[in-house]
Amino acid sequence: MQLEAEQILEALDDRQREAAQSLLGPTVILAGAGTGKTRTITHRIAYGIARGDFSENRVLALTYTNRAAGELRARLRGLGVPMANAKTFHSAALAQLEFFFRTLYGVDTPRVQESKAKNLAAAAASLKMKLDPNTLRDLASEIEWRKYSMLSLEQYEQAMANRPQVSGLSATKNLEIQQAYESLKLKAKQLDWEDVILLCSGMLRAEPRALAQVQQQYRFLTVDEYQDISPLQQDLLDTWLGDRSDICVVGDPNQTIYSFTGATSNYLENFSGRYPDATVVSLSYNYRSNPEIIRIANKVRAHQSMDALTAIRPSGTVPEVLSFPTKTEEALWLAKEVRKQVQSGIKASQIAVLYRINSQSELIERALADVGLEFQVRGGQRYFNRPEILSAIRMVRAEASMPSGKSLYESVTAIVRALGWQSAAPTEIGKLDQWEALNHFVQIAEELGDAATIQSFATEIEERQRSQHEPTKESVTLSTIHAAKGLEYKNVFIIGASEGYLPISFAKTEGELAEEQRLFYVAVTRAKDNLFITWAKQDVEFNRQNSPSRYLSLFQ
């Protein structure tokens, strides 16, 4: 149900309301961690539609992560505006490519490769080289940085002197592999995700009819997490905008942690320079964390030009810093503490263990398993790749092509029942995981509400599958700090807080160390109620003594 305009504003504080009421022309919202930026921009969109300033189907909200796009769509639906578009840059660009390639050229878009690893391995093999998985991963990251930075191979060759060496590869071999990779990809008529954005921007500029149609379709643009934008994405955004200035951006320079992919906060920080008439609103009231956690966060934040966070919640528990003789003892303590918290009534899904690099999770996984706790590693098995979910999607598509007249809930429950789902969770060992996966499918239908149809459900599932917007599981979350950005938990454990991990050992320059500090800020501000930071004095694996992270001095 569409809310009245003034009803929408009632849910906002004074600063959020100021941002929501700035509807036309350029607006920049500087939003500190936990200050309600998603609430603000979704209410701004809903308010603009309720007032008649925005047309619902001409709104496009953009973000970078799959889950953030899904969260935007869900919140907009809750505000009664289900037709407003919320997409990642990649999904919006791919949808436009697929549409215009068919309508303008009568051909399908080149296929987007699932990952760079296969073509990179083949490229290396063509040069009589064999690369291990770590080198393939690092080389893929370097290609992403090059493309997001909008550097041709020739320009990249000139910039290589200032780039870190990729997994021991010489500059010559690195360049040769990248050249072979691009050739193989072109020959196979494939794209990588960076190509999608580059090709979309190029197509729109080369085809005035397509550009005019897109600019007419998307009149009001909002960009979430604007501190994460890259030159390549900004170029596409400029193409979509043209000479118009009805754009709202929101971000926090203190949460710029993806510089290694080409992301930069320069566009956010210089927004007022580009648009001198921009409305600037600063959000600093933190609704997420207790004052004790916010006190630490304010000490950690690197951009002191941003307003300090002001805690709104009442006083709570002081963050704890604990040291252990070894990483094994650190993991054992953590597992016992997490079990104690779960037994006290805290949901496992409200507990997160954060670390700097993936390899730090191994001991934690074993320790949690030993005490019988369920956990999920962010970036593990994909929900939409599960066999039962793939089967359910096929059945939904078939139903959508020949609707039965049933309600959405009836149609979806009939589909999942055919795959073994029942309303009550099973008690048999081994069947719960499949039941939970199918039950999440039912929950998506319930989220859409009674007015949704099987066709709109099929569209929603397709969008979630494309963007890998996956449901949460009732289990403890293990995650790198990078992967946890944008999320929040009641209780957070930051492990391995020693020099060499936080900051990471290869961070040497002033800029790299500043990014590590921002990363620590992101980790701290994920916590709502309780924050535990641990480190081990001895690293048995590498036979070395550790020293506490320099950031721990901020807790004194």
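Below, each value reflects all heavy atoms present in this structure, side chains not excepted, and no hydrogens, waters or symmetry copies.
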Which label fits F89 and Y64: parallel for a plane angle under 30°, tilted from 30 to 60°, or perpendicular past 60°? parallel
Salt-bridge criterion met for R146 and E182 (N-O under 4.0 Å): yes
Audit row: E488, R526, salt bridge (charged side-chain N to carboxylate O under 4.0 Å, His left out) steps and yes/no: CA-CA 5 Å; E488 59 183 44; R526 298 312 93 197; over 6 Å; no
Kindly say whether the aromatic ring centers of H482 and F260 come within a distance under 6.0 Å. yes
Could you check, using the six-membered ring where one of them is a Trp, whether Y275 and F271 have ring centers closer than 6.0 angstrom? yes
Can we say R219 and D53 salt-bridge, meaning some charged N sits less than 4.0 Å from an Asp/Glu carboxylate O? no
We want to know whether Y105 and E207 form a side-chain donor-acceptor pair, criterion being a heavy-atom distance below 3.5 angstrom. yes
For a quick check under 3.5 Å, do S259 and E515 share a side-chain donor-acceptor pair by atom type? yes
So does S230 get a backbone contact from the side chain of Q233, meaning a donor-acceptor N/O pair under 3.5 Å? yes
For the residue pair W145 / E194, report whether a side-chain donor-acceptor contact shorter than 3.5 Å exists. no
D224 and salt bridge (Lys or Arg N to Asp or Glu O under 4.0 Å): which single residue from K37, R75, K87 fits? K37
Side chains of E142 and N174 only: does a donor on one sit below 3.5 Å from an acceptor on the other? no
